[in-house]
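Remarks on the structure that follows.
Just so you know, ligand 1 is whichever comes first in the structure, and atom 1 is the first atom listed for that ligand. When reading the values below, keep in mind they use all heavy atoms of this one structure, side chains included, and skip hydrogens, waters and symmetry mates.
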Amino acid sequence: MKRVVSGIKPTGDVTLGNYIGAMRRWGEMSANPEKEHFFFVPNLHALTVRPDPAELKRMSRSAVAWLLACGVDHDHSYIFMQSQVPAHSELTWILNNYTTLGELNRMTQFKDKAGRAGSEGQLVGLYDYPVMMAADILLYDAEEVPVGEDQKQHVELTRDIATRFNNLYGDTFVVPQPTVQKEGARIMNLQDPTKKMSKRDLDDSGNILLDDDEKTIEKKILKAVTDSGSAVATGADKPALTNMLVIMSVLGGKSIEDLELQYAGRGYGEFKQDLADLVVHTIKPLRKVHDQYMKEGSDKIDSALKHGWWRASELANAKLTRVKDKLGLL
Ligand code: TYM
């Protein structure tokens with residue numbers, strides 16, 4: 001059976017960008033019984049930002065609750081916690097020996113994050129992050145990795161590592177394909193449309209969090225920066241409106257062209273209010289389910305993790321044994 005793997009890092013509250021670029025699709029695709037889907041919480045990756053332990057636990061459980069709320073909840077879909085499957089760490093170490101410094105130096109996300117972190121924050125874990133991501137994918141023979149635009153380069157590196165290993169030791173890994181949706185693969189910050197919407201900003205006024213209440217969402221959208229002119233239209237000189245139109249198009253299921261026509265001659269104010277209503281309407285039911293799962297006493301999160309852990313461990317351990325065997329590791 002074909003397999004699909006992807007994950008959401010527990011480093012902050014899940015954003016509308018995560019939902020539109022990735023999780024929304026995960027919920028839809030996981031209903032397909034012809035494939036096995038693995039959506040995991042890469043909590044080992046979160047260590048690169050040295051989270052507070054209690055916060056890490058809360059965000060990890062919250063990530064599972066969002067996955068469940070987005071509809072990743074089927075017999076043939078698995079949600080698991082990365083740290084509960086030790087094969088991820090072990091394969092990372094092995095793959096470190098099949099990845100060059102040159103390749104890691106080219107990773108734009110590392111350059112970006114390390115640049116902002118200063119020398120104290122330039123950790124080996126951050127540098128090695130793409131190798132662990134390769135291990136996360138290759139352990140499961142995933143053919144498909146549905147991600148947002150920012151993760152595409154990492155999946156491409158995974159392909160190179162897998163191909164290199166296969167050339168040296170014979171067929172071992174399935175070479176995965178990143179799948180990035182046409183629209184909404186990079187949702188931008190509402191206060192600075194040159195910057196990606198992100199979970200980890202000190203100032204969240206431009207990021208919509210799935211946890212935000214209705215009033216907050218409305219305020220953030222009504223206060224979003226706009227472009228010069230007054231037309232509700234896309235274009236290279238209209239990054240803010242382009243971003244908002246993309247959000248409306250993906251969530252409302254209308255093409256950008258139709259929306260441009262619909263709002264022709266109408267002002268930014270009316271458009272923003274409609275967008276706020278649509279976003280609230282989309283997020284509200286998800287938050288309700290998420291909050292229900294997060295309530296004390298709910299064992300849904302634990303039982304989902306147990307179900308996923310069992311299947312993930314089975315596959316990951318078998319793959320690791322095969323790799324060790326090929327390498328002469330007793
Ligand atoms: P993470 O946690 O940053 O994001 C989860 C998913 O959301 C997408 N995404 C966005 N899409 C559109 N617009 C945005 N503004 C936006 N922000 C985030 C991301 O592209 C991603 O698909 N390294 C990964 C986690 C990971 C992983 C893996 C993914 C670890 N191992 C193996 C796939 C396979 C990450 O940090 O995603």
Side-chain angles (χ1 to χ4, degrees), residues 3-27 29 37-49 51 59-60 62-64 66-67 70 72 80-83 85 88-89 91-92 95 107-110 112-113 125-126 128-159 161-162 176-190 192-201 204 206-210 242-243 246-247 250-251 312 316:
R3 300 206 185 97
V4 177
V5 168
S6 205
I8 171 117
K9 212 168 38 181
T11 46
D13 288 317
V14 176
T15 71
L16 186 66
N18 296 128
Y19 177 70
I20 292 182
M23 296 173 85
R24 185 177 143 271
R25 236 182 345 144
W26 298 350
M29 64 200 300
H37 300 86
F38 294 82
F39 295 112
F40 73 108
V41 180
N43 57 346
L44 291 168
H45 279 102
L47 296 180
T48 56
V49 299
M59 287 186 299
S60 302
S62 171
V64 175
W66 284 121
L67 286 169
C70 289
V72 180
F80 68 93
M81 199 55 65
Q82 187 186 34
S83 62
V85 184
H88 287 247
S89 302
L91 185 62
T92 302
L95 296 182
M107 293 295 113
T108 52
Q109 204 163 64
F110 173 75
D112 184 41
K113 289 192 174 168
L126 190 61
D128 203 27
Y129 183 114
V131 183
M132 176 161 255
M133 201 165 142
D136 298 338
I137 297 167
L138 299 178
L139 278 173
Y140 301 96
D141 283 339
E143 301 204 344
E144 195 183 329
V145 187
V147 284
E149 181 67 41
D150 62 333
Q151 297 301 320
K152 201 170 157 205
Q153 193 187 31
H154 291 156
V155 185
E156 269 151 14
L157 175 67
T158 304
R159 289 172 60 83
I161 296 173
Q177 192 69 44
T179 53
V180 177
Q181 64 193 34
K182 264 216 221 98
E183 227 174 60
R186 191 175 178 83
I187 298 298
M188 310 309 276
N189 184 297
L190 297 177
D192 178 359
T194 62
K195 206 171 96 178
K196 191 184 71 168
M197 190 178 280
S198 150
K199 295 187 209 100
R200 280 188 54 73
D201 269 340
D204 263 332
N207 301 315
I208 294 185
L209 311 179
L210 298 194
T242 301
N243 185 42
V246 165
I247 297 174
V250 176
L251 297 183

So Phe40 and Tyr140, ring-ring contact (aromatic ring centres under 6.0 Å, His included) or not? Walk me through it. CA-CA 12 Å; Phe40 73 108; Tyr140 301 96; 7.4 Å; no

Apply side chain to side chain contact (heavy atoms under 4.5 Å, CB included) to the pair Lys199 and Asn207, showing each step before the final yes or no. CA-CA 8 Å; Lys199 295 187 209 100; Asn207 301 315; over 6 Å; no

Run the side chain to side chain contact (heavy atoms under 4.5 Å, CB included) test on Asp204 and Asp13 for me, step by step, so that the C-alpha distance in whole Å, both residues' side-chain angles and the decisive distance to 0.1 Å come before the verdict. CA-CA 10 Å; Asp204 263 332; Asp13 288 317; over 6 Å; no

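Counting non-hydrogen atoms of neighbouring residues, nucleotides and ligands closer than 6.0 angstrom, the NZ atom of Lys152 reaches no more than 12 such neighbours.
Considering all non-hydrogen atoms of both residues, Pro10 and Pro42 come closest at CD-O, 3.6 Å.
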Quick one: table the atom pairs, ligand 1 N or O against protein N or O, below 3.5 Å, distance rounded to 0.1 Å.
residue: ligand 1; atom: 2 (O); partner: Lys9; partner atom: N; Å: 2.8
residue: ligand 1; atom: 2 (O); partner: Lys199; partner atom: NZ; Å: 2.6
residue: ligand 1; atom: 4 (O); partner: Asn18; partner atom: ND2; Å: 3.3
residue: ligand 1; atom: 7 (O); partner: Asn18; partner atom: ND2; Å: 3.1
residue: ligand 1; atom: 11 (N); partner: Gly17; partner atom: O; Å: 3.2
residue: ligand 1; atom: 13 (N); partner: Ile187; partner atom: N; Å: 2.8
residue: ligand 1; atom: 15 (N); partner: Ile187; partner atom: O; Å: 2.8
residue: ligand 1; atom: 15 (N); partner: Met197; partner atom: O; Å: 3.0
residue: ligand 1; atom: 20 (O); partner: Gly148; partner atom: N; Å: 2.9
residue: ligand 1; atom: 20 (O); partner: Asp150; partner atom: OD1; Å: 2.4
residue: ligand 1; atom: 22 (O); partner: Gly148; partner atom: N; Å: 3.1
residue: ligand 1; atom: 23 (N); partner: Tyr129; partner atom: OH; Å: 2.7
residue: ligand 1; atom: 23 (N); partner: Gln151; partner atom: OE1; Å: 2.9
residue: ligand 1; atom: 31 (N); partner: Asp136; partner atom: OD2; Å: 2.6
residue: ligand 1; atom: 36 (O); partner: Lys9; partner atom: NZ; Å: 3.3
residue: ligand 1; atom: 36 (O); partner: Tyr129; partner atom: OH; Å: 2.9

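Here the rule is side chain to side chain donor-acceptor pair (under 3.5 Å) with Gln177, and of Glu143, Arg159, Glu144 only Arg159 fits it.
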